[in-house]
Protein chains: 2
Amino acid sequence: MARIVMKFGGTSMAGVERIRAVAERVKREVDAGNQVAVVVSAMAGETDRLVAFCREVSPLYDPREYDVVVASGEQVTSGLLAISLQAIGVPARSWMGWQLPIRTSDGHGSARIAEIDTATLDAALAEGKVAVIPGFQGVAAGERVTTLGRGGSDTSAVAVAAAMKADRCDIYTDVDGVYTTDPRIVPRARKLQKITYEEMLELASVGAKVLQTRSVGLAMKEKVRLQVLSSFDDRPGTMIVGDEEVDNMERQLITGIAHDKNEAKITLTDVPDRPGAVASIFAPLADGNINVDMIVQNIAHDTGSTDVTFTVPSVELARSLDLLDKAKAAIGFTRMVHDTNVSKITIVGVGMKSHAGVAAKMFKTLGDRGINIQAITTSEIKVSVLIEEDYTELAVRVLHTAYGLDAEQVAA
Amino acid sequence: MARIVMKFGGTSMAGVERIRAVAERVKREVDAGNQVAVVVSAMAGETDRLVAFCREVSPLYDPREYDVVVASGEQVTSGLLAISLQAIGVPARSWMGWQLPIRTSDGHGSARIAEIDTATLDAALAEGKVAVIPGFQGVAAGERVTTLGRGGSDTSAVAVAAAMKADRCDIYTDVDGVYTTDPRIVPRARKLQKITYEEMLELASVGAKVLQTRSVGLAMKEKVRLQVLSSFDDRPGTMIVGDEEVDNMERQLITGIAHDKNEAKITLTDVPDRPGAVASIFAPLADGNINVDMIVQNIAHDTGSTDVTFTVPSVELARSLDLLDKAKAAIGFTRMVHDTNVSKITIVGVGMKSHAGVAAKMFKTLGDRGINIQAITTSEIKVSVLIEEDYTELAVRVLHTAYGLDAEQVAA
């Protein structure tokens with residue numbers, strides 16, 4: 001007997017027929033003798049509808065009232081799944097965030113889970129009941145409803161799994177696992193059987209939209225064994241586990257390749273080459289809550305000034321340019337140039353910790369195809385490069401082949 | 001300064017534009033120096049959508065989970081109205097049923113309000129805040145969400161008004177008051193300035209769908225001054241008040257005329273004319289929770305048997321016939337005849353308590369037009385007759401004129 005948390009996303013809950021299918025899948029785990037808690041998202045499109053209502057009423061909405069409105073989507077699917085489970089003979093009950101309770105910070109709209117009281121859940125599971133829990137929601141001090149921010153249901157599921165000491169947290173979604181790269185770009189992309197938390201974190205944060213980044217970080221911290229799998233077929237998915245669970249023999253040098261077209265490049269020319277100059281660029285952006293990603297400081301001109309290049313999220317470009325323009329005198333640059341026609345390509349793999357030459361291979365592979373690298377950032381387990389956006393797919397494909405990830409190559 | 005509860009129905013809350021209009025109307029009461037609590041319904045159509053989901057998932061749904069699902073509609077409009085009020089500078093906050101709390105029985109799906117804790121409301125109103133409260137919902141022992149049954153938001157509003165000792169409870173709806181009869185049938189129908197609780201109760205229960213019957217009964221018991229008025233114009237509505245508030249001089253003999261096409265007539269022939277025979281008819285119907293309305297027992301034949309005629313709601317006709325058929329041997333009737341082509345016409349007026357001849361005038365007026373009366377029931381302040389459905393509109397019109405209710409007649 002295992003304790004399992006099953007989480008179903010919006011496409012899995014979109015309508016009565018699909019909710020019935022979810023109930024059948026939950027029943028199979030129950031019939032196998034497992035204790036099960038289910039965390040559900042709102043029906044696909046519902047949260048968007050509710051958010052749109054709030055914005056339409058007032059762009060400057062009170063986030064506490066916004067939370068009351070948008071938390072309702074998961075309330076509906078929780079009740080419907082409980083009814084659906086009962087209808088096929090599985091004892092079940094829903095518990096809203098405030099009923100358990102799932103305590104969160106008071107950061108309405110993007111609250112963080114502080115504590116989950118599991119006494120009620122433990123008792124229900126011990127009685128053989130399935131507990132149905134709305135994702136995305138909780139309750140803050142003062143008994144006000146909170147939500148965790150978009151995609152927060154993944155985090156709810158991991159937090160419930162951690163609190164309940166579940167043996168596994170299965171995230172059911174509309175893809176059947178984590179792939180070496182986007183199969184729409186590389187048809188030979190392979191589904192991974194296992195991936196480490198760290199690798200998944202890097203992939204999640206650079207645009208492989210399988211799991212919310214926060215949920216992976218929490219799973220890593222709390223050592224929750226995660227599985228990503230499809231609600232629409234029965235094949236096993238991808239396990240996301242600690243480094244120690246991955247056999248060295250089966251480890252690839254590179255686990256996956258991600259791309260992200262949502263960055264914009266800004267270059268400031270002739271920034272004075274003196275202490276504090278770079279800080280004067282990034283302080284106003286940090287104050288504006290803009291997340292600067294890649295930073296390249298070019299070699300100083302003999303004029304005693306440098307060019308500084310960095311990237312920001314595309315959606316923040318206009319605001320970034322505005323903030324920098326206001327700080328022009330303080331920074332002392334001459335010109336500001338920007339480019340949204342860029343793409344970030346990232347190779348991720350725990351294996352590169354112990355192997356030299358991984359980055360060099362990346363640069364050479366891209367260079368051989370005439371792809372120019374505009375910026376580089378690295379961490380222990382990833383290398384990211386910024387290239388011209390038009391080369392995105394080509395770059396992903398040649399790297400996928402170069403690191404031996406293509407399906408046929410592995411099978412051979 | 002007065003304390004006012006304002007209640008807005010589903011058509012008033014149907015969409016962002018209308019919610020904004022509701023906020024403006026609330027603001028006017030606040031600007032006039034009043035303390036205001038607002039009770040809201042779900043957007044028009046939303047509760048139907050949610051109920052349909054539950055029924056589709058399982059016709060035998062758990063009413064506790066059904067309540068979780070359907071209570072969400074009012075949660076959404078409460079949050080949106082609070083945002084909308086804040087956007088025009090009116091301090092406001094929503095409180096769900098479980099947050100106040102509004103304590104109810106555990107009769108999920110049709111719970112009864114037991115107690116409303118007003119400490120929070122009193123404090124909010126004293127601070128100049130508008131309290132927004134979802135109608136239709138509450139919380140039972142064990143902190144489970146309940147709903148009051150369809151139309152329950154009117155009852156929520158009256159209960160809040162009673163608990164808060166409000167000076168008035170204004171029910172905003174899509175009609176602008178209570179009329180002497182349905183204006184679609186009688187264009188000369190007049191809007192009433194005042195009507196007593198008792199009269200309104202009779203009119204509400206016979207099909208004048210302005211207010212939920214339960215809410216009127218509660219208002220009468222708790223002496224809450226009710227007003228029915230339109231959310232779509234600014235004219236005063238109809239006040240529903242105690243008998244003592246109606247000036248005898250302005251009192252009409254008959255206040256209003258209602259009709260109800262949703263009854264069906266059943267006749268059992270040759271029922272043995274012995275003690276207990278009639279009880280044997282109605283016991284199985286009562287056990288089946290079927291509400292029998294009008295009953296006529298014909299004069300005994302010289303055979304020692306009688307015909308018994310009565311009405312049930314049309315929607316319960318099939319079930320009634322089935323229950324009676326099963327009890328045929330016990331009752332001992334010969335034939336069972338039914339007729340859905342009937343209509344109940346009711347005249348209501350406190351004035352008839354002190355005036356004789358009111359019923360006689362009704363029978364004569366209908367008889368003069370060749371309208372046959374199939375059954376009669378009376379109470380202190382009403383007379384109902386059952387007639388052939390095709391004569392419904394004619395009957396209402398001739399009675400409206402006969403009792404001097406036509407608009408021109410009064411103005412003359």
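Just so we're on the same page: letters track the sequence lines, and every chain starts at 1.
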Taking atom [atom1] of [X] and atom [atom2] of [Y], what is their separation to the nearest 0.5 Å?
{"X": "B:S94", "Y": "A:R144", "atom1": "OG", "atom2": "CZ", "answer": "6.0 Å"}
{"X": "A:I83", "Y": "B:E65", "atom1": "CD1", "atom2": "CD", "answer": "6.5 Å"}
{"X": "B:Y66", "Y": "A:L80", "atom1": "OH", "atom2": "CG", "answer": "12.0 Å"}
{"X": "B:E74", "Y": "A:S72", "atom1": "CD", "atom2": "OG", "answer": "11.0 Å"}
{"X": "A:T120", "Y": "B:E143", "atom1": "OG1", "atom2": "CD", "answer": "11.0 Å"}

A:M96 to B:V68 - nearest heavy-atom pair and separation: CE-CG1, 3.6 Å
Segment of A:L60 engaging chain B (4.5 angstrom heavy-atom cut-off):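 For A:L60, there is no contact with chain B at all, as no heavy atom is under 4.5 Å.
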Portion of A:V132 that has a non-hydrogen atom of chain B nearer than 4.5 angstrom: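 For A:V132, there is no contact with chain B at all, as no heavy atom is under 4.5 Å.
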Exceeds 12 heavy-atom contacts within 6.0 angstrom, atom CZ of A:R112: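 No, the 6.0 Å shell around CZ holds no more than 12 heavy atoms from other groups.
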Over 12 non-hydrogen atoms of neighbours within 6.0 angstrom of CZ in A:R319: yes
Largest heavy-atom contact set with chain A, pairs under 4.5 Å, which of B:V76, B:V16, B:V70: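 Counting heavy-atom pairs under 4.5 Å, the top option is B:V16.
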Side-chain (A:Q86) to main-chain (B:Y61) donor-acceptor, under 3.5 angstrom: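 Judged by distance alone, no pair lies under 3.5 Å.
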Among the listed options A:E17, A:R49, A:R64, the residue most often paired with chain B at heavy-atom distances under 4.5 Å: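 Greatest number of close heavy-atom pairs with chain B: A:R49.
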Segment of B:Q99 engaging chain A (4.5 angstrom heavy-atom cut-off):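 Side chain of B:Q99 only, per the 4.5 Å heavy-atom cut-off to chain A.
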Sorted by number, residues from residues 37-47 of chain B in contact with chain A (heavy atoms, under 4.5 Å):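 Near chain A, by residue number: B:M43, B:E46.
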